[in-house]
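Everything on this sheet refers to the single structure shown next.
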Amino acid sequence: MNTVLTPSQVPLPPASGAWQEGDPPGRRRWYEREKPLALEAGGELPGVRLAFETWGRLAPDRSNAVLVLHALTGDSHVAGPAEPGHPTPGWWDGIIGPGRALDTDRWFVVAPNVLGGCQGSTGPSSPGPSGRRWGGDFPFLTQRDQVAAEAGLADALGIDRWALVVGGSMGGMRALEWAVSHPERTDALLLLATTAAASAEQIAWAGIQLRAIRSDPHWHGGHYHDTGRGPHAGLGLARRIAHVTYRSEPELQVRFGRSPQGTEDPHNGGRYQVESYLDHHAAKLAGRFDAGSYVTLCEAMNSHDIGRGRGGVRAALRRVTARTLVAGVGSDRLYPPSQQAELAAGIPTADHLRLIESPYGHDGFLIEVEQVAALVGELVRGVPPPSAPEPGRHHPLS
Ligand SMILES: CC(=O)SCCNC(=O)CCNC(=O)[C@H](O)C(C)(C)COP(=O)(O)OP(=O)(O)OC[C@H]1O[C@@H](n2cnc3c(N)ncnc32)[C@H](O)[C@@H]1OP(=O)(O)O
Ligand SMILES: N[C@@H](CCO)C(=O)O
(Lines give C-alpha, C1' and ligand atoms only; values in the text may rest on other atoms or scores of the structure.)
(Ligands and ions follow the chains in the order given, each with its own letter.)
Protein backbone atom coordinates (compact mmCIF):
# COMPACT_ATOMS: atom_id res chain seq x y z
CA MET A 1 0.00 0.00 0.00
CA ASN A 2 1.25 3.50 -0.79
CA THR A 3 1.71 5.50 2.38
CA VAL A 4 1.77 9.11 3.45
CA LEU A 5 4.02 9.79 6.41
CA THR A 6 3.90 12.68 8.84
CA PRO A 7 7.19 14.17 10.10
CA SER A 8 7.13 12.20 13.34
CA GLN A 9 6.70 8.96 11.38
CA VAL A 10 9.59 9.54 9.01
CA PRO A 11 12.27 7.08 9.93
CA LEU A 12 15.34 8.24 8.01
CA PRO A 13 15.22 11.34 5.84
CA PRO A 14 17.56 11.00 2.86
CA ALA A 15 20.69 13.08 3.17
CA SER A 16 21.14 15.85 0.63
CA GLY A 17 22.97 19.04 -0.10
CA ALA A 18 20.55 21.01 1.98
CA TRP A 19 19.06 18.60 4.36
CA GLN A 20 21.09 16.00 6.24
CA GLU A 21 20.00 13.00 8.22
CA GLY A 22 18.73 14.12 11.57
CA ASP A 23 17.73 17.61 10.39
CA PRO A 24 14.24 18.58 11.55
CA PRO A 25 11.74 17.96 8.74
CA GLY A 26 9.69 21.17 9.10
CA ARG A 27 6.09 20.85 7.91
CA ARG A 28 6.97 18.43 5.12
CA ARG A 29 5.31 15.05 4.83
CA TRP A 30 6.36 12.13 2.69
CA TYR A 31 4.68 9.88 0.17
CA GLU A 32 6.27 6.45 -0.17
CA ARG A 33 5.55 4.42 -3.28
CA GLU A 34 5.02 0.78 -2.62
CA LYS A 35 6.16 -0.58 -5.98
CA PRO A 36 9.26 0.39 -7.95
CA LEU A 37 8.64 3.08 -10.57
CA ALA A 38 9.03 1.81 -14.15
CA LEU A 39 11.20 4.37 -15.95
CA GLU A 40 10.64 5.66 -19.47
CA ALA A 41 14.25 4.98 -20.47
CA GLY A 42 14.05 1.42 -19.13
CA GLY A 43 14.66 -0.15 -15.76
CA GLU A 44 12.96 0.85 -12.58
CA LEU A 45 13.52 2.97 -9.50
CA PRO A 46 12.75 1.28 -6.18
CA GLY A 47 12.07 3.07 -2.90
CA VAL A 48 10.52 6.20 -4.41
CA ARG A 49 9.69 8.82 -1.82
CA LEU A 50 8.37 12.33 -2.47
CA ALA A 51 8.44 15.12 0.10
CA PHE A 52 5.43 17.40 -0.15
CA GLU A 53 3.65 20.21 1.66
CA THR A 54 -0.01 21.17 1.67
CA TRP A 55 -2.01 24.26 2.55
CA GLY A 56 -5.75 24.52 3.11
CA ARG A 57 -8.25 21.68 3.46
CA LEU A 58 -9.35 19.12 0.93
CA ALA A 59 -13.10 19.45 0.31
CA PRO A 60 -15.22 16.33 0.96
CA ASP A 61 -15.82 15.97 -2.79
CA ARG A 62 -12.06 16.49 -3.35
CA SER A 63 -12.76 19.08 -6.04
CA ASN A 64 -10.53 21.87 -4.75
CA ALA A 65 -7.01 20.43 -5.12
CA VAL A 66 -4.32 22.53 -6.80
CA LEU A 67 -0.90 21.21 -7.75
CA VAL A 68 2.05 23.63 -7.72
CA LEU A 69 5.27 22.41 -9.38
CA HIS A 70 8.61 24.05 -8.70
CA ALA A 71 11.47 24.95 -11.02
CA LEU A 72 15.02 23.57 -11.08
CA THR A 73 16.31 24.56 -7.65
CA GLY A 74 12.98 25.23 -5.94
CA ASP A 75 11.29 22.85 -3.57
CA SER A 76 8.05 22.04 -1.78
CA HIS A 77 8.20 25.17 0.38
CA VAL A 78 6.05 27.35 -1.84
CA ALA A 79 4.45 29.35 0.96
CA GLY A 80 4.97 30.14 4.60
CA PRO A 81 7.78 31.51 6.70
CA ALA A 82 11.29 30.15 6.99
CA GLU A 83 11.28 26.98 9.07
CA PRO A 84 13.55 24.06 9.93
CA GLY A 85 14.95 22.68 6.67
CA HIS A 86 13.83 25.78 4.76
CA PRO A 87 15.93 28.81 5.67
CA THR A 88 13.90 31.20 3.50
CA PRO A 89 10.17 31.93 3.21
CA GLY A 90 8.17 30.17 0.51
CA TRP A 91 9.21 31.05 -3.02
CA TRP A 92 5.63 32.08 -4.01
CA ASP A 93 4.53 33.17 -0.58
CA GLY A 94 2.60 36.11 -2.03
CA ILE A 95 0.37 33.82 -4.08
CA ILE A 96 -0.74 31.17 -1.61
CA GLY A 97 -2.53 31.82 1.68
CA PRO A 98 -5.80 33.15 3.09
CA GLY A 99 -7.16 35.89 0.82
CA ARG A 100 -4.41 35.41 -1.77
CA ALA A 101 -4.81 34.30 -5.39
CA LEU A 102 -4.69 30.69 -4.28
CA ASP A 103 -6.89 31.34 -1.27
CA THR A 104 -6.25 28.52 1.16
CA ASP A 105 -9.66 29.10 2.75
CA ARG A 106 -10.94 27.69 -0.52
CA TRP A 107 -8.19 25.68 -2.22
CA PHE A 108 -6.20 22.70 -1.06
CA VAL A 109 -2.71 23.35 -2.41
CA VAL A 110 -0.20 20.52 -2.81
CA ALA A 111 3.48 21.03 -3.65
CA PRO A 112 5.86 18.08 -4.02
CA ASN A 113 9.64 18.20 -4.22
CA VAL A 114 10.49 16.76 -7.64
CA LEU A 115 11.69 13.17 -8.03
CA GLY A 116 15.48 13.33 -8.41
CA GLY A 117 15.66 16.45 -6.24
CA CYS A 118 17.43 16.93 -2.93
CA GLN A 119 14.86 18.51 -0.64
CA GLY A 120 13.38 15.33 0.78
CA SER A 121 12.48 13.41 -2.39
CA THR A 122 14.42 10.42 -3.68
CA GLY A 123 17.49 11.53 -5.61
CA PRO A 124 21.17 10.76 -6.06
CA SER A 125 21.94 11.67 -2.44
CA SER A 126 19.30 9.25 -1.09
CA PRO A 127 20.15 5.76 0.08
CA GLY A 128 19.89 3.23 -2.74
CA PRO A 129 18.95 -0.45 -2.47
CA SER A 130 22.34 -1.34 -0.97
CA GLY A 131 21.87 1.21 1.82
CA ARG A 132 24.66 3.37 0.37
CA ARG A 133 23.77 6.61 -1.42
CA TRP A 134 22.86 6.23 -5.06
CA GLY A 135 25.44 8.77 -6.20
CA GLY A 136 26.44 8.21 -9.83
CA ASP A 137 24.30 5.05 -10.04
CA PHE A 138 21.07 7.02 -9.76
CA PRO A 139 19.06 6.25 -12.91
CA PHE A 140 18.39 8.67 -15.74
CA LEU A 141 14.96 10.28 -15.28
CA THR A 142 12.61 12.08 -17.64
CA GLN A 143 9.83 14.54 -16.89
CA ARG A 144 7.40 11.70 -17.54
CA ASP A 145 8.95 9.62 -14.76
CA GLN A 146 8.70 12.59 -12.42
CA VAL A 147 5.02 13.09 -13.26
CA ALA A 148 4.37 9.35 -12.86
CA ALA A 149 5.72 9.62 -9.31
CA GLU A 150 3.53 12.69 -8.68
CA ALA A 151 0.49 10.77 -9.95
CA GLY A 152 1.23 8.20 -7.25
CA LEU A 153 1.21 10.98 -4.67
CA ALA A 154 -2.14 12.23 -6.00
CA ASP A 155 -3.54 8.71 -5.74
CA ALA A 156 -2.28 8.38 -2.16
CA LEU A 157 -3.97 11.68 -1.28
CA GLY A 158 -7.22 10.52 -2.90
CA ILE A 159 -7.10 13.28 -5.51
CA ASP A 160 -8.63 12.03 -8.77
CA ARG A 161 -8.36 15.35 -10.57
CA TRP A 162 -6.64 18.65 -10.03
CA ALA A 163 -8.75 21.77 -10.23
CA LEU A 164 -5.55 23.50 -11.38
CA VAL A 165 -1.97 22.52 -12.15
CA VAL A 166 0.57 25.37 -12.12
CA GLY A 167 4.23 25.38 -13.01
CA GLY A 168 7.02 27.61 -14.27
CA SER A 169 10.14 26.64 -16.22
CA MET A 170 10.95 23.02 -15.26
CA GLY A 171 7.73 23.02 -13.21
CA GLY A 172 5.90 24.09 -16.36
CA MET A 173 7.33 21.10 -18.22
CA ARG A 174 5.82 18.81 -15.61
CA ALA A 175 2.54 20.74 -15.54
CA LEU A 176 2.29 20.31 -19.31
CA GLU A 177 3.14 16.62 -18.99
CA TRP A 178 0.30 16.26 -16.45
CA ALA A 179 -2.16 17.85 -18.88
CA VAL A 180 -1.01 15.69 -21.80
CA SER A 181 -0.62 12.33 -20.04
CA HIS A 182 -3.57 12.81 -17.64
CA PRO A 183 -6.05 15.15 -19.36
CA GLU A 184 -8.89 13.61 -17.37
CA ARG A 185 -7.13 14.62 -14.14
CA THR A 186 -6.25 18.22 -15.08
CA ASP A 187 -9.15 20.72 -15.13
CA ALA A 188 -7.12 23.90 -15.54
CA LEU A 189 -3.50 24.60 -16.41
CA LEU A 190 -1.17 27.56 -15.95
CA LEU A 191 2.12 27.33 -17.84
CA LEU A 192 4.74 29.97 -17.13
CA ALA A 193 8.05 30.60 -18.93
CA THR A 194 8.22 27.04 -20.22
CA THR A 195 8.40 25.09 -23.45
CA ALA A 196 6.95 22.13 -25.31
CA ALA A 197 10.44 20.75 -25.87
CA ALA A 198 13.89 21.78 -24.68
CA SER A 199 15.53 23.71 -27.52
CA ALA A 200 19.06 23.29 -28.86
CA GLU A 201 20.15 26.41 -26.99
CA GLN A 202 18.58 25.29 -23.71
CA ILE A 203 20.28 21.90 -24.07
CA ALA A 204 23.53 23.70 -24.86
CA TRP A 205 23.42 25.92 -21.74
CA ALA A 206 22.55 22.96 -19.53
CA GLY A 207 25.18 20.82 -21.24
CA ILE A 208 27.90 23.37 -20.44
CA GLN A 209 26.75 23.37 -16.80
CA LEU A 210 26.88 19.58 -16.68
CA ARG A 211 30.43 19.73 -18.06
CA ALA A 212 31.40 22.17 -15.33
CA ILE A 213 30.16 19.83 -12.60
CA ARG A 214 31.63 16.69 -14.12
CA SER A 215 35.00 18.44 -14.62
CA ASP A 216 35.30 19.09 -10.90
CA PRO A 217 37.92 16.69 -9.46
CA HIS A 218 35.57 16.06 -6.52
CA TRP A 219 32.78 14.76 -8.76
CA HIS A 220 34.10 11.16 -8.82
CA GLY A 221 31.54 10.06 -11.35
CA GLY A 222 28.79 11.19 -8.99
CA HIS A 223 30.07 9.01 -6.11
CA TYR A 224 31.22 11.85 -3.87
CA HIS A 225 28.54 11.87 -1.17
CA ASP A 226 30.56 9.96 1.40
CA THR A 227 33.94 11.50 0.59
CA GLY A 228 33.39 14.52 2.80
CA ARG A 229 33.90 16.81 -0.21
CA GLY A 230 31.65 17.53 -3.15
CA PRO A 231 31.97 19.18 -6.56
CA HIS A 232 31.06 22.57 -5.09
CA ALA A 233 33.34 24.48 -7.47
CA GLY A 234 31.72 22.82 -10.47
CA LEU A 235 28.23 23.37 -9.13
CA GLY A 236 29.09 27.01 -8.41
CA LEU A 237 30.35 27.48 -11.95
CA ALA A 238 27.15 25.90 -13.28
CA ARG A 239 25.04 28.30 -11.19
CA ARG A 240 27.01 31.33 -12.40
CA ILE A 241 26.39 30.35 -16.03
CA ALA A 242 22.73 29.54 -15.35
CA HIS A 243 22.10 32.70 -13.37
CA VAL A 244 23.23 34.95 -16.24
CA THR A 245 20.74 33.13 -18.49
CA TYR A 246 18.02 33.61 -15.84
CA ARG A 247 18.37 37.41 -15.90
CA SER A 248 18.34 40.00 -18.69
CA GLU A 249 21.18 41.98 -20.22
CA PRO A 250 19.55 45.37 -19.45
CA GLU A 251 18.91 44.39 -15.83
CA LEU A 252 22.55 43.43 -15.28
CA GLN A 253 23.72 46.60 -17.04
CA VAL A 254 21.44 48.96 -15.07
CA ARG A 255 22.08 47.20 -11.78
CA PHE A 256 25.84 46.66 -11.95
CA GLY A 257 27.22 48.40 -15.02
CA ARG A 258 31.02 48.46 -14.86
CA SER A 259 31.17 49.11 -11.12
CA PRO A 260 33.89 47.42 -9.12
CA GLN A 261 32.89 45.41 -6.05
CA GLY A 262 33.45 47.70 -3.06
CA THR A 263 37.08 48.76 -2.90
CA GLU A 264 38.24 45.92 -5.17
CA ASP A 265 40.21 46.90 -8.27
CA PRO A 266 39.30 44.80 -11.32
CA HIS A 267 42.51 45.98 -13.01
CA ASN A 268 44.48 44.51 -10.15
CA GLY A 269 42.96 41.11 -9.36
CA GLY A 270 39.71 42.49 -7.96
CA ARG A 271 36.16 41.77 -9.12
CA TYR A 272 33.48 43.73 -10.83
CA GLN A 273 30.20 43.93 -8.90
CA VAL A 274 28.46 41.57 -11.28
CA GLU A 275 31.19 38.97 -10.69
CA SER A 276 30.73 39.28 -6.95
CA TYR A 277 26.97 38.91 -7.41
CA LEU A 278 27.47 35.67 -9.34
CA ASP A 279 29.96 34.44 -6.73
CA HIS A 280 27.28 35.02 -4.12
CA HIS A 281 24.65 33.03 -6.01
CA ALA A 282 27.18 30.26 -6.68
CA ALA A 283 28.08 29.92 -2.99
CA LYS A 284 24.43 30.06 -1.98
CA LEU A 285 23.43 27.24 -4.29
CA ALA A 286 26.46 25.09 -3.44
CA GLY A 287 25.42 25.40 0.20
CA ARG A 288 21.83 24.29 -0.33
CA PHE A 289 21.72 21.97 -3.34
CA ASP A 290 23.17 18.60 -4.25
CA ALA A 291 25.28 18.53 -7.43
CA GLY A 292 24.04 15.05 -8.29
CA SER A 293 20.45 16.26 -8.19
CA TYR A 294 21.42 19.24 -10.33
CA VAL A 295 22.81 16.85 -12.96
CA THR A 296 19.79 14.52 -12.77
CA LEU A 297 17.30 17.39 -13.11
CA CYS A 298 19.19 19.13 -15.93
CA GLU A 299 19.34 15.87 -17.87
CA ALA A 300 15.61 15.38 -17.30
CA MET A 301 14.94 18.92 -18.57
CA ASN A 302 17.09 18.28 -21.63
CA SER A 303 15.04 15.14 -22.33
CA HIS A 304 11.80 17.14 -22.29
CA ASP A 305 9.90 16.76 -25.55
CA ILE A 306 6.17 16.60 -25.04
CA GLY A 307 5.76 15.08 -28.52
CA ARG A 308 8.13 12.13 -28.06
CA GLY A 309 6.31 8.95 -29.02
CA ARG A 310 3.07 10.92 -29.41
CA GLY A 311 3.29 11.90 -33.05
CA GLY A 312 5.13 15.14 -32.38
CA VAL A 313 4.55 18.30 -30.38
CA ARG A 314 1.44 19.47 -32.24
CA ALA A 315 -0.32 16.14 -31.82
CA ALA A 316 0.62 15.97 -28.14
CA LEU A 317 -0.63 19.49 -27.41
CA ARG A 318 -3.98 18.60 -28.98
CA ARG A 319 -4.50 16.08 -26.17
CA VAL A 320 -4.85 18.86 -23.60
CA THR A 321 -8.42 19.47 -22.47
CA ALA A 322 -7.71 21.74 -19.48
CA ARG A 323 -8.70 25.40 -19.53
CA THR A 324 -5.26 26.83 -20.12
CA LEU A 325 -3.35 30.06 -19.73
CA VAL A 326 0.19 30.33 -21.04
CA ALA A 327 2.44 33.21 -20.07
CA GLY A 328 6.00 34.19 -20.85
CA VAL A 329 8.29 36.89 -19.58
CA GLY A 330 9.01 39.52 -22.22
CA SER A 331 12.70 39.77 -21.30
CA ASP A 332 13.31 36.00 -20.95
CA ARG A 333 16.32 35.04 -23.08
CA LEU A 334 16.42 31.42 -21.88
CA TYR A 335 12.77 30.46 -22.48
CA PRO A 336 11.85 33.10 -25.07
CA PRO A 337 8.15 34.01 -25.49
CA SER A 338 8.16 32.32 -28.92
CA GLN A 339 8.16 29.01 -27.01
CA GLN A 340 5.09 29.98 -25.01
CA ALA A 341 3.44 31.27 -28.19
CA GLU A 342 3.84 27.76 -29.63
CA LEU A 343 2.11 26.33 -26.55
CA ALA A 344 -0.73 28.85 -26.61
CA ALA A 345 -1.30 28.25 -30.33
CA GLY A 346 -1.09 24.48 -30.09
CA ILE A 347 -3.25 23.80 -27.04
CA PRO A 348 -6.84 23.85 -28.29
CA THR A 349 -8.23 25.04 -24.94
CA ALA A 350 -5.65 27.79 -24.37
CA ASP A 351 -6.48 31.48 -24.28
CA HIS A 352 -4.19 33.94 -26.06
CA LEU A 353 -0.58 34.22 -24.89
CA ARG A 354 0.01 36.47 -21.88
CA LEU A 355 3.23 38.38 -21.29
CA ILE A 356 4.61 39.15 -17.87
CA GLU A 357 6.26 42.55 -18.03
CA SER A 358 9.54 42.41 -16.20
CA PRO A 359 13.14 43.49 -16.55
CA TYR A 360 14.29 40.35 -14.73
CA GLY A 361 14.31 37.85 -17.58
CA HIS A 362 13.45 34.20 -16.96
CA ASP A 363 13.41 34.69 -13.16
CA GLY A 364 10.51 37.11 -13.73
CA PHE A 365 8.04 34.25 -13.16
CA LEU A 366 9.40 33.96 -9.60
CA ILE A 367 9.78 37.68 -8.95
CA GLU A 368 6.66 39.26 -10.53
CA VAL A 369 4.32 37.76 -7.96
CA GLU A 370 1.46 40.21 -8.54
CA GLN A 371 1.29 39.47 -12.25
CA VAL A 372 1.42 35.72 -11.64
CA ALA A 373 -1.27 36.08 -8.97
CA ALA A 374 -3.47 37.89 -11.51
CA LEU A 375 -3.08 35.00 -13.96
CA VAL A 376 -3.94 32.46 -11.25
CA GLY A 377 -6.95 34.60 -10.29
CA GLU A 378 -8.13 34.68 -13.88
CA LEU A 379 -8.06 30.88 -14.10
CA VAL A 380 -9.75 30.16 -10.79
CA ARG A 381 -12.39 32.88 -11.12
CA GLY A 382 -15.69 31.39 -12.14
CA VAL A 383 -14.89 27.93 -10.79
CA PRO A 384 -17.83 27.01 -8.55
CA PRO A 385 -16.85 26.82 -4.88
CA PRO A 386 -16.14 23.29 -3.69
CA SER A 387 -18.43 21.71 -1.15
CA ALA A 388 -17.53 23.06 2.27
CA PRO A 389 -15.97 20.79 4.86
CA GLU A 390 -18.45 19.90 7.60
CA PRO A 391 -18.04 22.28 10.55
CA GLY A 392 -15.68 20.86 13.12
CA ARG A 393 -14.61 18.00 10.87
CA HIS A 394 -11.29 18.16 9.12
CA HIS A 395 -10.34 15.89 6.29
CA PRO A 396 -7.49 13.72 7.58
CA LEU A 397 -5.12 15.09 4.95
CA SER A 398 -5.78 18.75 5.57
C1 LIG B 1 17.54 28.83 0.46
C2 LIG B 1 16.31 28.37 -0.24
O3 LIG B 1 15.72 27.45 0.17
S4 LIG B 1 15.82 29.19 -1.64
C5 LIG B 1 14.22 28.69 -1.93
C6 LIG B 1 14.12 27.79 -3.03
N7 LIG B 1 14.73 28.32 -4.19
C8 LIG B 1 14.06 28.67 -5.23
O9 LIG B 1 12.86 28.68 -5.22
C10 LIG B 1 14.87 29.01 -6.41
C11 LIG B 1 14.28 30.09 -7.07
N12 LIG B 1 14.80 31.32 -6.56
C13 LIG B 1 15.71 32.01 -7.25
O14 LIG B 1 16.18 31.60 -8.29
C15 LIG B 1 16.13 33.31 -6.69
O16 LIG B 1 16.18 33.22 -5.29
C17 LIG B 1 15.29 34.50 -7.08
C18 LIG B 1 15.03 34.51 -8.55
C19 LIG B 1 13.95 34.45 -6.41
C20 LIG B 1 16.13 35.68 -6.62
O21 LIG B 1 15.69 36.85 -7.14
P22 LIG B 1 16.01 38.27 -6.52
O23 LIG B 1 15.16 38.50 -5.33
O24 LIG B 1 15.93 39.21 -7.65
O25 LIG B 1 17.47 38.15 -5.97
P26 LIG B 1 18.80 38.80 -6.61
O27 LIG B 1 19.14 38.15 -7.88
O28 LIG B 1 18.66 40.26 -6.61
O29 LIG B 1 19.91 38.38 -5.55
C30 LIG B 1 19.90 38.94 -4.28
C31 LIG B 1 21.14 38.46 -3.51
O32 LIG B 1 22.31 38.89 -4.20
C33 LIG B 1 23.14 39.56 -3.27
N34 LIG B 1 23.91 40.55 -4.00
C35 LIG B 1 23.45 41.62 -4.69
N36 LIG B 1 24.51 42.30 -5.21
C37 LIG B 1 25.63 41.66 -4.83
C38 LIG B 1 27.00 41.88 -5.05
N39 LIG B 1 27.47 42.92 -5.77
N40 LIG B 1 27.89 41.03 -4.50
C41 LIG B 1 27.45 39.96 -3.76
N42 LIG B 1 26.16 39.70 -3.52
C43 LIG B 1 25.26 40.54 -4.07
C44 LIG B 1 22.17 40.19 -2.29
O45 LIG B 1 22.84 40.51 -1.07
C46 LIG B 1 21.16 39.09 -2.12
O47 LIG B 1 21.65 38.13 -1.23
P48 LIG B 1 20.66 37.12 -0.47
O49 LIG B 1 19.76 36.52 -1.51
O50 LIG B 1 21.56 36.12 0.14
O51 LIG B 1 19.88 37.95 0.51
N1 LIG C 1 16.17 30.55 -10.78
C2 LIG C 1 15.19 29.52 -10.79
C3 LIG C 1 14.61 29.32 -12.13
C4 LIG C 1 15.14 28.23 -12.98
O5 LIG C 1 14.24 28.00 -14.04
C6 LIG C 1 15.67 28.28 -10.11
O7 LIG C 1 16.82 28.26 -9.68
O8 LIG C 1 14.90 27.34 -9.92
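Order of appearance sets the numbers: ligands from 1, and atoms from 1 within every ligand. Being a predicted model, the structure only gives us computed values, none of them experimental. What you see below is based on every heavy atom in this structure, not just the backbone, and it leaves out hydrogens, waters and symmetry mates.
Ligand 1 has an N or O atom lying under 3.5 Å from an N or O atom of S276, backbone or side chain.
Closest heavy-atom approach to atom 14 (O) of ligand 1 within the set Q119, H77, R271, R239: this belongs to R239. Taking only non-hydrogen atoms, the option from H243, H280, E251 nearest to atom 44 (C) of ligand 1 is H280. Comparing L72, L366, L278 by heavy-atom distance to atom 12 (N) of ligand 1, the nearest is L366.
In this structure, I347 and L191 have side chains that are in contact, with non-hydrogen atoms separated by less than 4.5 Å. Here the side chains of R28 and N113 are not in contact, with every heavy-atom distance at 4.5 Å or above. Looking at heavy atoms from C-beta onward, Y246 lies in side-chain contact with L72 at the 4.5 angstrom threshold. V244 places a side-chain heavy atom less than 4.5 Å from the side chain of R333.
Between R229 and D216 there is no salt bridge, since none of the side-chain N atoms of the basic residue sits less than 4.0 Å from a carboxylate O of the acidic one. A salt bridge links R49 to E32: at least one charged side-chain nitrogen sits closer than 4.0 Å to a carboxylate oxygen.
For H362, the closest heavy-atom approach to ligand 1 does not fall below 4.0 Å. Residue contacts with ligand 1 do not include H86, since none of its heavy atoms lies under 4.0 Å from the ligand. No heavy atom of H70 sits closer than 4.0 Å to any atom of ligand 1. Residue-ligand proximity: R247 is placed with a non-hydrogen atom under 4.0 Å from ligand 1.
Considering every non-hydrogen atom in both G361 and V329, the closest pair reads O-CG1, 3.2 Å.
Between W162 and W178, the two ring planes are perpendicular [angle over 60°; tilted spans 30° to 60°].
Heavy-atom contacts of K284 reach the following atoms of ligand 1: 48 (P), 49 (O), 50 (O) (cutoff under 4.0 Å). Set against the non-hydrogen atoms of W91, the atoms of ligand 1 under 4.0 Å away are 9 (O).
Of the protein's heavy atoms, T73 OG1, 3.4 Å lies nearest to atom 10 (C) of ligand 1. Shortest contact from atom 1 (C) of ligand 1 to any protein heavy atom: R288 CD, 3.3 Å. Remark: minimum distance from atom 15 (C) of ligand 1 to any protein heavy atom is reached at D363 OD2, 4.8 Å. Scanning the protein for heavy atoms near atom 39 (N) of ligand 1, the closest one is Q261 OE1, 2.9 Å. What sits closest to atom 28 (O) of ligand 1 on the protein, heavy atoms only, is R255 NH2, 2.5 Å. Looking only at protein heavy atoms, the nearest one to atom 8 (C) of ligand 1 is G74 CA, 3.7 Å.
Here T88 has side-chain heavy atoms under 4.0 Å from ligand 1, and that is the only part of it that gets that close. Contacts with ligand 1 closer than 4.0 Å are made by heavy atoms of both the backbone and the side chain of Y277. Only the side chain of H281 comes within 4.0 Å of ligand 1, judged by heavy-atom distances. The proximity of V274 to ligand 1, defined as any non-hydrogen pair under 4.0 Å, does not occur for either the backbone or the side chain.
Taking NE2 of H304 as the start and CD of Q143 as the end, the distance is 6.5 Å to the nearest 0.5 Å. For the atom pair CG (L379) and CZ (R323), the distance works out to 5.5 Å, reported to the nearest 0.5 Å.
Protein residues with any heavy atom under 4.0 Å from ligand 2: A71, L72, T73, G74, S169, R239, Y246, H362, D363, L366.
Screening residues 361-376 for salt bridge (charged side-chain N to carboxylate O under 4.0 Å, His left out) gives R247-D363 as the qualifying pairs, with residues at least two apart or on separate chains.
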For residues 231-240, which side-chain N or O atoms pair as donor and acceptor with protein atoms under 3.5 Å away, sequence neighbours left out?
unit_1, atom_1, unit_2, atom_2, d
R240, NE, D279, OD1, 3.0
R240, NH1, G236, O, 3.3
R240, NH2, D279, OD1, 3.0

Donor-acceptor contacts, no H, no angles, side chain residues 89-96, under 3.5 Å, sequence neighbours left out:
unit_1, atom_1, unit_2, atom_2, d
W91, NE1, D75, O, 2.9
W92, NE1, F365, O, 3.2
D93, OD1, G80, N, 2.7

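Neither side chain, S303 nor R144, offers a donor N or O lying under 3.5 Å from an acceptor on the other. In the model, Q146 has no side-chain atom that pairs as donor or acceptor with a side-chain atom of E177 under 3.5 Å.
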**Request:** Take T227 and H218 through the side chain to side chain donor-acceptor pair (under 3.5 Å) test and state the conclusion after the steps.
**Result:** CA-CA 9 Å; T227 64; H218 299 299; over 6 Å; no
